[in-house]
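Here the structure is laid out as structure tokens; the discussion comes afterwards.
Throughout, residue positions are numbered sequentially from 1 according to the sequence presented.
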Amino acid sequence: MIWEPTDAVRSRARITHYMNWLQRQRGLSFDDYDHLWRWSVTDLPAFWASIWDYFDVRASVPYDRVLVEARMPGAVWFPGARLNYVDQVFRDVSRSQPAIVFRDEGGNRVDVSWNDLKRRVASLAATLRSVGVCRGDRVVAYMPNMPETVIAFLAVASLGAVWSVCSPDMGPVAVLDRFRQIAPKAMIAIDRYRYGGKHYDRRQVVSHLLRELPSVNTLVRVSDRDGASDGVAVGEVQTVRNLLEWAAATSTGAPLDSEQVPFDHPLWIVYSSGTTGLPKPIVQGHGGIVLEHLKLIGLHNDIDAGDRFHWYSSTAWVMWNIQVSGLLAGATICLYDGSPGWPDSGTLWRFVGETGTTFFGAGAAFFTGCMKAGIEPADIADLGRLRAIGSTGSPLPPEAYHWIQEHVRPDVWLTSISGGTDLSSAFVGGVPILPVFAGEIQCRCLGAKVDAFDEAGASVSDAVGELVCTEPMPSMPLYFWNDEGGARYRDSYFDMYPGVWRHGDWIRFTPRGGPVIYGRSDATINRQGIRMGTSELYRAVEELPEIVDSLAVDLEYLGRESYMPLFVVMRPGCKLTQELKARITERIREALSSRHVPNAIFQVDEIPRTLSGKKLELPVRKLLLGQPVEKVVNRDSMSNPQSLSYFVSFAERLAATQGRARDGGPDPANQQT
């Protein structure tokens with residue numbers, strides 16, 4: 001145990017207030033968190049109705065009932081209700097604290113008051129309405145993590161239109177793979193962005209996107225804050241009917257008039273890639289996100305009005321959506337746009353100190369990176385107001401728990417969470433009334449009936465199994481866009497255990513009930529907390545004339561260095577030279593993003609495939625993680641079983657390298673086997 005709540009922490013915790021409210025208002029008394037959780041997952045209507053009432057969710061029309069048939073997929077929540085996400089954000093705009101505190105690499109500093117935020121949201125909404133954007137239309141953004149992006153999202157949501165965003169560090173192939181699927185009507189895009197001390201001009205990319213997205217008839221252009229942009233790229237004007245400037249679009253002075261929509265009306269579309277085909281366009285609703293985020297942010301992360309909430313993220317990661325939802329709780333959200341490692345690895349810690357952040361979250365890789373770099377946060381920043389640290393994106397190893405306690409501050413509460421884009425929330429997380437044990441997440445989240453299953457679908461205790469959820473949650477996807485009949489949705493989560501959500505992570509519950517996440521159980525890539533499919537990567541790589549086939553596996557697993565090798569089959573007469581490796585890397589970075597770039601590239605004779613021609617990603621991944629070949633694949637089901645010999649040998653060399661690394665030898669992530 002590395003942290004235990006004091007009596008003062010317990011008494012002022014939001015979840016303690018909620019439990020007292022349940023006793024007063026519902027006559028329900030619980031001895032501890034475990035009993036509260038068990039009630040929350042066995043009486044779903046009573047629990048979610050209590051969340052609605054406790055947080056006083058604003059609705060213009062009340063709901064008829066809480067839950068119609070608790071099945072997955074297909075659960076219907078709060079039918080009859082009409083509301084809007086934005087109304088919950090602006091329920092009280094008289095707060096003295098700002099709504100947004102923003103800093104970036106260039107030294108720009110902006111504070112946005114609640115009144116100013118509401119005024120600019122209303123103005124942009126009126127502008128979009130004037131050019132024909134209305135309920136149900138898709139509006140996309142190609143924007144970094146800045147106040148303008150938050151304003152744009154809230155304006156779109158207020159209209160009942162559907163929001164979707166990609167980060168400007170994503171290349172045109174990755175962006176078009178997402179936006180083409182949803183036929184957007186309008187786009188909001190920045191000219192340039194800055195990262196790692198460099199400026200990146202995106203005008204030509206935006207122009208290319210507009211040419212490839214004929215459904216877009218309106219562009220709202222945002223200039224970068226350094227004022228160095230020369231304006232729209234040549235040819236861009238001809239591709240859209242309406243070309244609007246951000247400053248004019250957000251200064252109309254119109255009042256905010258939010259569209260009242262059903263509980264399950266689409267709020268946004270986020271993307272979680274599978275291993276084949278295009279990224280999955282996941283649709284989530286106004287009501288489900290409001291309830292789930294109020295629960296996660298308020299009860300689990302203990303954030304309230306008066307807090308300053310910062311989760312370092314790009315707009316490509318679902319943690320951006322969750323950070324914005326800090327506004328639902330009345331908190332100030334603190335945004336940082338730029339590299340966490342520029343000009344040095346203390347940048348984010350100084351940002352936390354300067355802004356008075358009370359809750360600071362980041363990907364687990366950030367904290368382990370600081371630990372390895374010898375950063376001393378307590379020495380370089382005033383962290384006097386920091387009371388909680390959040391971690392997610394990948395498993396946080398036990399040594400990082402100790403490092404945070406010893407080098408940040410000994411009384412800071414560390415709350416590690418795990419969930420994902422698929423439900424825009426967490427399955428397991430923290431609460432400030434439980435102790436923290438190194439290497440363990442504190443608890444199952446309220447309303448999330450999470451378990452560990454073996455391959456036969458039986459619950460396992462104190463053993464690694466598939467992370468499953470056996471009861472529906474309000475923020476689970478409404479559907480996938482353009483998924484007629486829902487076949488792709490069902491195949492994504494309910495293929496292994498019908499009626500039970502399989503998330504694709506390995507999990508173990510310790511004897512005291514603490515969840516431990518070990519990494520993915522499927523072949524999805526998880527880089528810097530962002531899950532991505534391999535199909536986009538293969539398409540980019542195999543477009544190079546020298547390459548005829550490829551395979552990538554991400555070897556993330558608790559206690560091991562995250563490592564993603566790429567294996568390529570060369571066209572006859574071609575060799576994998578250093579020059580070609582550099583071209584592959586640059587091609588991936590330009591077409592997709594820097595997150596997709598592998599740690600190392602290797603030439604192989606063949607990629608293992610099934611009799612039907614499918615790449616054996618998951619068996620190869622399991623093999624490279626140390627499982628014996630006879631347990632991960634049936635050679636009789638393969639079209640080329642001889643191809644496994646290379647990967648068996650590679651796994652042996654990788655295991656030996658890892659053993660040396662644990663003994664102080666070379667790091668396997670830096671080895672070119």
Please work out whether the ring planes of His286 and Tyr85 are parallel, tilted or perpendicular, with thresholds of 30° and 60°.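 His286 and Tyr85: perpendicular rings.
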Do the ring planes of Phe567 and Phe650 sit parallel (below 30°), tilted (30 to 60°) or perpendicular (above 60°)?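 The rings of Phe567 and Phe650 stand perpendicular, inter-plane angle above 60°.
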Hey, does [Y] have a side-chain heavy atom less than 4.5 Å from the side chain of [X]?
X      : Y      : value
Glu471 : Trp501 : no
Gln442 : Phe437 : no
Asp422 : Tyr493 : yes
Leu386 : Val352 : yes
Cys443 : Val428 : no
Pro73  : Tyr489 : yes
Lys295 : Met473 : yes
Ile588 : Pro598 : yes

Any Lys/Arg nitrogen of [X] or [Y] sitting under 4.0 Å from an Asp/Glu carboxylate oxygen of the other?
X      : Y      : answer
Arg387 : Asp307 : yes
Asp304 : Arg14  : yes
Asp462 : Arg508 : yes

Examine distances only and state if a side-chain atom of [X] and a backbone atom of [Y] form a donor-acceptor pair shorter than 3.5 Å.
X      : Y      : answer
Ser345 : Gly341 : no
Gln405 : Ile2   : yes
Thr368 : Ala364 : yes
Thr149 : Asn145 : no
Thr357 : Phe309 : no
Asp554 : Met564 : no
Arg409 : Leu383 : yes
His310 : Thr358 : no
Ser40  : Gly447 : yes

Arg502 and Asp495: CA distance, side-chain angles, deciding distance, side-chain contact (heavy atoms from CB on, under 4.5 Å) verdict: CA-CA 8 Å; Arg502 180 181 72 94; Asp495 59 337; 3.7 Å; yes
Aromatic ring proximity [X]/[Y], centre distance under 6.0 Å:
X      : Y      : result
Trp39  : Phe30  : yes
Trp3   : Tyr401 : no
His503 : Phe427 : yes

Knowing that exactly one of Trp268, Tyr271, Trp481 qualifies, which makes a side chain to side chain donor-acceptor pair (under 3.5 Å) with Ser164?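 Of all the options given, the one that passes is Tyr271.
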Closest approach of [X] to [Y] (non-hydrogen atoms, all atoms of both residues):
X      : Y      : result
Trp413 : Asn301 : CZ3-O, 3.7 Å
Ala552 : Leu537 : CB-CD2, 3.5 Å
Pro340 : Leu348 : CB-CD1, 3.7 Å

Applying side-chain contact (heavy atoms from CB on, under 4.5 Å) to Leu625 and Tyr518, what does each step give before you reach the verdict? CA-CA 12 Å; Leu625 285 173; Tyr518 286 83; over 6 Å; no
Donor on one side chain, acceptor on other, [X] and [Y], under 3.5 Å:
X      : Y      : value
Trp317 : Gln323 : no
Thr470 : Tyr497 : no
Ser459 : Asp451 : yes

Which residues pass the side chain to side chain donor-acceptor pair (under 3.5 Å) test with [X], not counting sequence neighbours?
X      : value
Arg490 : none
Arg71  : Glu69
Glu4   : none

Could you give me the CA-CA distance, side-chain angles and deciding distance for Leu291 and Ser475, then say whether side-chain contact (heavy atoms from CB on, under 4.5 Å) is met? CA-CA 8 Å; Leu291 284 184; Ser475 67; over 6 Å; no
side-chain contact (heavy atoms from CB on, under 4.5 Å) between Trp320 and Ser314, worked out: CA-CA 6 Å; Trp320 182 85; Ser314 80; over 6 Å; no
For Glu455, I'd like to know if atom CD has over 12 heavy atoms of other residues, nucleotides or ligands within 6.0 Å.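 It does not: Glu455 CD has 12 such atoms or fewer within range.
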